[in-house]
Structures are given as C-alpha cells and as structure tokens.
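To start, the structure itself, in structure tokens.
Quick note on labels: first sequence line is chain A, next is B, and so on, each numbered from 1. Just so you know, these numbers come straight off a predicted model, no measurement behind them. Side chains included, hydrogens not; waters and symmetry mates left out as well; all remaining heavy atoms used.
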Amino acid sequence: MKEYNYTSIEKKWQDYWEKNETFKVVENFDKEKFYVLVEFPYPSGQGLHIGHPRPYTAMDILARKRRLEGYNVLYPFGWDAFGLPTENFAIKNKIHPAKVTADNVKNFTRQAKAIGFSFDWSREINTTDPEYYKWTQWIFLQLFKKGLAYKKEMAVNWCTDCKVVLANEEVVDGSCERCHSEVVRRVKSQWMLKITEYAQRLIDDLTEVDYPERVKTSQINWIGRSTGAEVDFTSTAGDILRIFTTRPDTLFGATYMVISPEHPYIDAWKERLSNYSEILEYKTASAKKSDFERTEMVKEKTGVKLDGVCAVNPVNNTEIPIFVSDYVLMSYGTGAIMAVPGHDTRDWEFAKKFNLPIIEVVSGGDIEKEAFTDCDSGIMVNSGFLDGMSVDDAKVKITEYLSKQKLGEPKINYKLRDWVFSRQRYWGEPIPLVHCEKCGWVAIPESQLPLMLPEVETYMPTDTGESPLAALDDFINTTCPECGGAAKRETDTMPQWAGSSWYFLRYCDPYNKTALASKEKLDYWMNVDWYNGGMEHTTLHLLYSRFWHKFLYDIGIVSSKEPYNKRTSHGMILGEDMQKMSKSRGNVINPDEIIRDYGADALRLYEMFVGDFEKVAPWSMTGIKGCKRFLDRVWNLCRLTTVDNGQLTVDSYRKELCSSFHKTIKKVTYDIEHLKFNTAIASLMSLINEIYATGAINNAELRSFLLLLNPFAPHITEEMFEAAGFGILNEQSLPKYDEALCKDDEVEIVVQVCGKVRAKLVVPTGCDKTEVLTRAKEALGAALDSKTIVKEIVVPDKLVNIVVR
RNA sequence: GCCGCUGUGGCGGAAUUGGCAGACGCAGAGGACUUAAAAUCCUCCGGUAGCAAUACUGUAUCGGUUCAAGUCCGAUCAGCGGCACCA
C-alpha cells in the first residue's frame, strides 16, 4: 500500500480550478440555477477556525453534486468584516482597522483556497468595501424615507471608568471587560428600525419556507405574539393608568398594581408620594441591572409601595395599592401591569412576600398553595357578571364590556423589540443622515453615497460616549440638503448586522454601480435555494435579513417575500476534550497543520464523517487518520487488477458488485440531500471494502466510484480520474442508479416466537406471506409443538413473529 | 425559573422512522509479512455464563401502549445551548 502525495495533487487541482475559472458562474437563462449559500465569515485575527470548514464543506458537496447534475450553481463567498474585535485590535495596536481587515482577509482566503472549496471567487464581496456599503447605506435611506427608522431614548451599557458605551458582550458580570469597572445602564438617543411593524408577516411567512422546526419555533417564540387587552385603571391622582394583560378575564382578581421603575408617572406623581426618595433609590438600584438580571425567576422579588397614590379597578371600583418593581419592564406592553396573585406565579410570589390579598377568580386550583394558571379547566368565580363562565368565554365577554364602556380595548403585543441600529463606534457604516436645526433629520442625496468612513487619529470612542467620528469637525459640519443651511452629520455607525442583512443579493451582481443588483440578475438567481448557518444566528441575523428582504420586496427591489427557500444548521466542532475550542483551554486545532499532515481531502472527509451534521462533534486526531487511511485505499484502487470489459456504461459493473454499486449510488445521492454525509461516506467505505474483497476492479466501477466520492474529496478523485484517462471529472455527470438493480434476489427473514429471534431463513425477495409462514414454522420445527398459536405476524421481506401461549 | 436540544459499546457514531441494536470508523487483542520497526493485510472485539453451539441480559432511570420500543406516550434524572419574569 502506498500513500499518495496529497500536497502536490491538491496544489495541482487548486491551481487548475483557479486558472480555468472552473467554478465561475454566469447568468445562463436557459439553464436551471441553484443558489447555495453559507454564512460569510467574520475575518478575525486568529484565522480560519477548524469549525469553519464543516458547513463550507457540506455546502461544497451539495454545490459539486448539483453541478454534476447539470445545474448552473452559484456558490459565493465573502467577508462580513465590520465589527468590534477588529476595532479593538486596531485601538490596541494603533493600526487602521482597514489594514487589519485586509491582512485577515488575505489569510482567510489562503486557508479557504487550500481546502478546495468550489466558491466562485470572482463574486467575492466585503462589507467594508465602500462600493458595497454604499448600498447598505442606500437601503437604510429607503427605510428612513418610509418612516421605518426613528430615534429613541434607549438604555445602553455605560462603563463608568472608560466612559464609553459597551456592547452586551463587553459586559462581564456587570462590569467592564477591559477595566473591570462598574457598568451602569444609561439612557442615550439611538437610531431604531421598526422591525416590529413586520412582526406578524415574519411569523406568517414561515409557512412558505423550508426551515427546521426548531428554527421556526425559535423565531416564533422570539417574536412572541400574545393576544390580550389593554385596560385603563384610574389613579387617585386623577390620571389614567393603562395596563396590558393577556388575562383580562381575571380583572376582578386584581389586588394591586405594579409599574416599572422607568414609568413616567413616578416623576409625575413626585409631589404626592410621601416615600419618593425611597422609590428613587430603588429606581437607581434597578438601573444597574440588565433586563435579564431583573427578570430572573430564581431571584427574590423586590419592590416599593407607592405611598400617596392608589389605583381604582374599573370593574368594581375597588382601591388597590400600586408598587414599583423591576420585574415589570418599560419595554414591553405599557410598563404597568395589574397583579392577579391568584392566577399568576410571579404576582403570587410578590403578594406572599408583601402580604397582599389573594382572591380566587378562577376555581379549580388551590390558591393558598400556588397560583392557579390553567386556562382550560377553570370556571370563573367572584367575578360579577363573568361568574360561571369558562376562561375563554370570560376573556371575550370582558373585552367586549371594556370596549363598550371605553375602559380598554383588545390588543396584540409582541415580545419582539425594535432593532437598535446605532453604534457609538468607528468600524461600521456611517449613517448617511444630517441634522439641521430647521429641517430636523434629513437624508443625504443618494448621489453622495457612499458616505465614506473618514480617517481618524484614534478609534477610541470619545469620553462623552459619542463615536470617534464626533471628534472630526470636517466630517460633522456640512450643509442641509433641504434648506442649504448649516447642519451636522450623524456620527453613529451601523451595527455589524447591517451588511449581512442583504449580502446574498449582492452576490447576484457584485459589480453593479447603479443598483444594489440588477433586477434581471436578481430574478434569475434569487431565491437562495439552500442557506446553511449556525443556530446562534436564528433570532438575530436570520430575522433581520428576512425583515430587510420583506422591506425590499415592499419597495419593489426584489420579487419574493422571503429570501431563503431552505435553511439548515450545522453543529459546532468541539475540542478533543468535548469542550468548546478556546485559547484558554488550549484545545484549539489549526487547520493549516491538519492540511499539512493529512491533506485537504482528509480534512473535508473527516469533518463530514465525524457525526450527525446538525449536532456538535468533537475533534479527533485518530479519527482523521482513519479518513486518510480510506483515501490511501482509494488511491490504491488503481493498483488492483483491472478486469476491463471495455465498456463505460452503467450496467457494466461486474455481476457480484452490481447491486452494491446501485445501492451505494442511491444512498449517497439521498444522503447528501438530507445532510447525512456521515452515512454517505460509510457506504462508500463499505463499497470499497467489497471491491477489495474481489481483488479487482473494472473501468466502469472505478469511474463511478470516483464520481461519487468527488464532492467529498475533490482533489484525489480529479487526479485519479485524469490518470485513468476518463477526462476532467468536473465536466461529467453523476452516475445514476436503477431501482430494480438495488434489490437483492434473496432476503433473510427473522423468525421470532413471542418477539424473540428463534431462527433465520432465506427466501426470494417478495416471497408470498403464506409461503414465508409455512417455511418459518418448518424452521422452528418441534419448538412449536404443544403450544397454542395466538397470533401470526408477517412483515414482507423482514420478519415473522409467532405469538404462542 | 422558562424555552430548545441531547443521553446507545473503551471512543465518534449507525439503525430503512415501530421490525435482528451496535453499520462505518477509531482504539484494543491475536496472527501474517519483515532481520526488526513502521505501514499494510487477515481474524476477534457490549456484558454475564459456557470449550462450544447457545442462553440470558443490554440503548440515562422508572412506568405505560404494542405481537414487537433505542424509536411512541407519561414521569424522573443528568448534560449542552439560549433567554427579554412578556403580564
């Protein structure tokens, strides 16, 4: 057995593909297209992670298979290059982030090419390229013009020492990742995008797409639609206090109210509140917590009663106390709730702690022990005109009543919040707006796009929390496009999500100077037929890009409501210790070394063979050796005796291998479509074992085997294909299977007695049921004597089960 | 606390979706080749009992449905990931 020289073979074919532009694709309107997409990477300083090749190889296999099936395949690649790590590296090392990005991209490109992905490199894009972000800015302007971008006061993480706004990621246990100082929540005016306006459509159109159920569920839960009612309580201060509830039926059971610490009434009622200072203290304390900390279930409920103002329940005119507590969030509903401790777990806990009355309004539970929250079985009690009704009926009745009395109205709420689109950072797309004293916020003319990111001395945000751009007078000061007067530019930049929300459109027409892509090309290539990415992007990137696509559909840029027909997700590659790979754990694997020691084909094969594609899988050095061993066996196929019959037709496999070949072709073809790469490879391994067992091979067998393996291991198969005189593999078609030839003439039948295997029997495929049963009984012989047969089950071509007493 | 996912040999994982559990690979043991080693090839490889044929047992735990359960249902335990107490 000889090892093959993977280094020179892989280099040879990578050069060949590059020189011949093998995978460059052009719009061919006569040919059926197939658009395969992988999430473009963030080019970090660490280089390609060993996890990256897993999804890239999987989709490369699909792309190569589709080409062999005759499709016009678009499989593009690019760089999602704006972002914090690059900026932080630039700050630390005083290198321009554009330079850092260019270096990282160069390294990533070298590594990606060494793995032999069949990307169309002529369509490479980079979100930090002004020719690209010109169109990111253009889309933002359209959103702005349609009223979908607005400014809002938002709480941000503020490092008290660095005096900068921090991303959630930079806050570790409530303190700054860099200086470990305290981080507080501070209010800042931010650009927001009204994704909530698309909430219902983002739910509804999920029925049109082929996503894994867990992805759909995550998105639906994230958007979090709930139906209920808004109800107006009056306060003893004379104002109306509006609340949202999903359980209007329990209105008679409301024994107190809770408002969020940020609720504006706290200030409005300042004069009436005898314990105002105590309330203010509570408000300050809760400002230090994140929403997550505030809403943690395990934590003890906290709160302060408002002394001096009460609320009045509109259905029974009862006066009830008002509390302020941080478990109520200003960002959901109206920032105020009615508390029904008898039928809400959180309210129940709060009421127990503060000794508040608990009234049962739905019978069926024991409210002394816990809140009774079941909506299906209870009957209304202690609820005036609702008594005796089911919960569902009561909901309808009370909502009608409230509407009629003008005390409230039905309401649908979504958990989904609008998208915070501003960053007080340098390394992002500048927001192309100016602020004019007279005209307000004004879009810059589209002819002035791209609004270039200017050079700055330091990338550090300013100590007022503004972006580094705020320190550049030349950049800030401009004229108003509307009135011509003096105006100031927006200095915030866009989040990294912006560029990735539409990149799949740019791949269709990456050099277009007059549009983000031409309508003709968009209509040819879109939709993305198959999009693979990580589960971690399910609720942010995937939702954001669907939102932008729907907006572009609304303004006539794209022709479909949804961008992606099919979405799949891969599992992470873990370290050999089953832990997430990280520098601190010391379990990081460098792909360069793997390629050097085993070759790209072995790396590709191993990452596909290691386990279920959708689940996490650990790296294993011995595992990759096994894959390399398999490739050596493939290489040595050509050293077997060739028993050539001179034919290259499908039916020229030798008789003893014919059925195996057809079965393997069927299995590999099926498995690739269903992300079962591991079992596809296993079946190829079984087939090669069978070939070796015969000690020989013929041309048709070698040719089919190489074609089947090619999507997984493109270099070695191209080389062997050429050496065998079959031509260039990439220009061929995938072998086909014949269903009739996949079947064996005979099958083994399991004979069970009471579910236990007692005999085995070989019968012709498709053998008659009674015939099988007779032969099964013969096989069992005396074992059935003196037993009463209760039941006889025959599963054709599989098993016989005889139940006896 | 809530949501989602996952529990199968020494290890990674298969199992046509209810029909012989452990495919394929790794590791291990024995043998062949070799002066020797590596590589390669052949054989064995869940547990218990047995020289063996074989029998019993076995898919996190407990229970259920079924002729038949890794697979379906109910409860429990453990691990991983996500989270915005969503009223």
Side-chain angles (χ1 to χ4, degrees), chain A residues 1-3 213-215 217-218 221-222 224-226 228 243-248 250 254 258 290-299 301 325-329 331-340 343-347 349-350 373 413-417 535-536 538-539 571-572 574 576 578-580 605-606 609-612 614-627 629-630 632-633 636 667 670 676 678-689 692 748-758 760 790-795 797-804:
Chain A
M1 175 74 92
K2 272 201 172 167
E3 281 196 53
E213 222 35 62
R214 57 179 176 154
V215 171
T217 309
S218 296
N221 289 346
W222 186 264
R225 177 191 154 108
S226 58
I243 59 100
F244 173 68
T245 177
T246 54
R247 294 294 303 276
T250 61
V258 185
S290 70
D291 284 355
F292 179 55
E293 288 173 296
R294 282 172 56 166
T295 56
E296 242 175 331
M297 191 56 125
V298 283
K299 137 204 123 162
K301 298 280 174 288
S325 175
D326 60 12
Y327 78 88
V328 172
L329 303 176
S331 53
Y332 183 78
T334 60
I337 62 158
M338 66 171 190
V340 186
H343 306 284
D344 181 284
T345 310
R346 291 147 303 161
D347 296 346
E349 284 173 10
F350 193 89
T373 55
N413 258 336
Y414 297 94
K415 281 199 269 183
L416 183 70
R417 297 174 190 168
M535 275 306 282
E536 69 275 19
T538 302
T539 48
M572 248 189 301
L574 303 175
E576 295 203 79
M578 269 291 200
Q579 302 280 305
K580 215 167 164 173
L605 206 64
Y606 173 68
F609 184 61
V610 66
D612 186 333
E614 300 186 87
K615 292 183 197 149
V616 295
W619 181 263
S620 155
M621 276 307 177
T622 53
I624 193 165
K625 273 184 198 153
C627 289
R629 201 172 293 163
F630 167 70
D632 284 332
R633 276 164 77 78
N636 284 289
K667 175 127 187 89
Y670 177 91
K676 293 162 90 73
N678 50 341
T679 49
I681 294 166
S683 70
L684 287 165
M685 288 172 167
S686 297
L687 182 59
I688 207 170
N689 290 345
Y692 269 97
E748 193 183 55
I749 302 269
V750 176
V751 182
Q752 298 179 332
V753 176
C754 290
K756 300 213 176 217
V757 183
R758 285 291 176 262
K760 287 179 183 180
V790 181
K791 203 167 183 179
E792 292 165 340
I793 293 122
V794 181
V795 182
D797 293 343
K798 284 229 166 67
L799 101 176
V800 173
N801 189 11
I802 297 170
V803 187
V804 297

Open item on the list: Using heavy-atom distances to pick each residue's nearest nucleotide on RNA chain B, tell me which of A/N678 and A/N221 is more 5'.
Closed with: A/N221
Task: RNA chain B: 5'-proximal contact among A/A682 and A/G611 (nearest heavy atom) - done: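 Nearest-nucleotide comparison on RNA chain B picks A/G611.
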By the 4.0 Å heavy-atom rule, please label [X] as base, sugar-phosphate, or nothing.
{"X": "A/V750", "result": "base"}
{"X": "A/K676", "result": "sugar-phosphate"}
{"X": "A/G626", "result": "sugar-phosphate"}
{"X": "A/E536", "result": "nothing"}
{"X": "A/N413", "result": "nothing"}
{"X": "A/R225", "result": "nothing"}
{"X": "A/V258", "result": "nothing"}

Open item on the list: Keeping A/N413 on the side-chain end and A/S226 on the backbone end, is there a donor-acceptor pair under 3.5 Å?
Closed with: no
Task: Side-chain (A/E748) to main-chain (A/K760) donor-acceptor, under 3.5 angstrom - done: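 No; judged by distance alone, with no hydrogens or angles, the pair does not exist.
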Under a 4.5 Å cut-off applied to non-hydrogen side-chain atoms, are [X] and [Y] in contact?
{"X": "A/T538", "Y": "A/R214", "answer": "no"}
{"X": "A/I624", "Y": "A/W619", "answer": "yes"}
{"X": "A/M338", "Y": "A/D347", "answer": "no"}

Open item on the list: Using 30° and 60° as the class boundaries, would you call the ring planes of A/F350 and A/Y327 parallel, tilted or perpendicular?
Closed with: tilted
Respond yes when some side-chain nitrogen or oxygen of [X] is under 4.0 Å from OP1 or OP2 of [N], and no when none is.
{"X": "A/R346", "N": "B/rG1", "value": "no"}
{"X": "A/R214", "N": "B/rG81", "value": "no"}
{"X": "A/S226", "N": "B/rA87", "value": "yes"}
{"X": "A/R417", "N": "B/rC86", "value": "no"}
{"X": "A/N689", "N": "B/rG25", "value": "yes"}
{"X": "A/K615", "N": "B/rG79", "value": "no"}
{"X": "A/K791", "N": "B/rC67", "value": "yes"}

Once you round it to whole Å, what is the distance between [atom2] of [N] and [atom1] of [X]?
{"X": "A/H343", "N": "B/rA87", "atom1": "NE2", "atom2": "P", "answer": "17 Å"}
{"X": "A/R758", "N": "B/rA55", "atom1": "CZ", "atom2": "C1'", "answer": "9 Å"}
{"X": "A/D326", "N": "B/rC86", "atom1": "CG", "atom2": "P", "answer": "14 Å"}
{"X": "A/Y327", "N": "B/rC86", "atom1": "OH", "atom2": "P", "answer": "11 Å"}

Task: Ring centre gap for A/F630 and A/F609 strictly below 6.0 Å - done: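 Judged by ring-centre distance (under 6.0 Å), A/F630 and A/F609 do not meet the cut-off.
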Task: A/R247 side, atom CZ; A/I337 side, atom CD1 - distance, nearest 0.5 Å - done: 13.5 Å
Open item on the list: Take N1-N3 plus N6-O4 or O6-N4 for Watson-Crick, N1-O2 plus O6-N3 for G-U, both under 3.5 Å. Which runs of 3 or more such pairs involve RNA chain B?
Closed with: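 Stem segments, range with range: B:1-7 with B:77-83, B:10-12 with B:24-26, B:28-32 with B:40-44, B:46-49 with B:54-57, B:60-64 with B:72-76.
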Task: Donor-acceptor pair (no angle test) under 3.5 Å: A/K625 side chain, B/rC26 base - done: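 Absent.
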- [ ] Determine, stepwise, if the pair A/M685 / A/L687 fulfils side-chain contact (heavy atoms from CB on, under 4.5 Å).
- [x] CA-CA 5 Å; A/M685 288 172 167; A/L687 182 59; over 6 Å; no
Task: Span that lies between the C1' atom of B/rC73 and that of B/rC83, in whole angstrom - done: 29 Å
Open item on the list: Anti or syn, where syn is a glycosidic angle within 90° of 0; which label fits B/rG58?
Closed with: anti
Task: Chi class for B/rU17: syn within 90° of 0, otherwise anti - done: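 Here the answer is syn: the torsion falls within 90° of 0.
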